[in-house]
Amino acid sequence: MWVATASFDRGIGLGAATGLPTHHIDPNVDAERAYILQSLKVAQPHLVQVVEAQQGYNTAGDGFFTDGRAAVLNLETLNP
């Protein structure tokens, strides 16, 4: 089993909440899931709800939103 999470880093700078150097994420965290699925050529992913849809701020102060779903894939069945 392999479990992963991903977000697109859109830049670096100082965190709004911390004032420390950090990376800034794209607020649409689901877009990175879509990009990964497209890259793997997965047309009909099995999506499971792992948390409620939400929007908020990460510890660096960047806003984010998500539908709260995760893709579950069997990598052995993917086409190379």
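Just so it is clear, the values below take in all heavy atoms, side chains as well, and ignore hydrogens, waters and symmetry mates.
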S.K.: Measuring from atom CG of Asp26 to atom CG of Asp9, what distance do you get when rounded to the nearest 0.5 angstrom?
M.R.: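 Nearest 0.5 Å value for the CG-CG distance: 10.0 Å.
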
S.K.: CG of Asn58 to CZ of Phe64: how many Å apart, nearest 0.5 Å?
M.R.: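 One gets 7.5 Å once the value is rounded to the nearest 0.5 Å.
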
S.K.: Are there over 12 heavy-atom neighbours, none belonging to Gln49, within less than 6.0 Å of that residue's CD?
M.R.: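 Yes.
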
S.K.: Got a list of side-chain donor-acceptor pairs under 3.5 Å for residues 66-74, not counting sequence neighbours?
M.R.:
unit_1: Thr66; atom_1: OG1; unit_2: Asp30; atom_2: OD1; d: 2.7
unit_1: Thr66; atom_1: OG1; unit_2: Gly68; atom_2: N; d: 3.0
unit_1: Asp67; atom_1: OD1; unit_2: Arg33; atom_2: NH1; d: 3.1
unit_1: Asp67; atom_1: OD1; unit_2: Arg69; atom_2: N; d: 2.9
unit_1: Asp67; atom_1: OD2; unit_2: Arg33; atom_2: NH2; d: 2.9
unit_1: Asp67; atom_1: OD2; unit_2: Arg69; atom_2: NE; d: 3.1
unit_1: Asp67; atom_1: OD2; unit_2: Arg69; atom_2: NH2; d: 3.1
unit_1: Asn74; atom_1: OD1; unit_2: Glu76; atom_2: N; d: 3.0

S.K.: State, to 0.1 Å, how close Ile12 and His24 come at their nearest heavy-atom pair, and which atoms those are.
M.R.: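 Result for this residue pair: C-CD2, 3.7 Å.
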
S.K.: Within a strict 4.5 Å, meaning less than it, do heavy atoms of the Leu14 and Pro21 side chains meet?
M.R.: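 Sidechains of Pro21 and Leu14: in contact.
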
S.K.: Could you report the tightest heavy-atom contact between Val29 and Ile25, atom names first, then the distance?
M.R.: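 Closest approach of Val29 to Ile25: CG1-CD1, 4.2 Å.
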
S.K.: So does Gln55 have more than 12 non-hydrogen atoms from other groups sitting under 6.0 Å from CD?
M.R.: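 Check fails, neighbour count at 12 or below.
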
S.K.: To the nearest 0.5 Å, what is the distance between CZ (Arg10) and CG (Asp62)?
M.R.: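 Rounded to the nearest 0.5 Å, the CZ-CG separation comes to 5.5 Å.
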
S.K.: Please say yes or no: joined through hydrophobic side-chain contacts below 4.5 Å, possibly via intermediate residues, are Leu37 and Leu75 part of one cluster?
M.R.: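 Yes, Leu37 connects to Leu75 through the hydrophobic network.
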
S.K.: What's the spacing between Thr5 OG1 and Ile36 CD1 if we round to 0.5 Å?
M.R.: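 One gets 8.5 Å once the value is rounded to the nearest 0.5 Å.
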
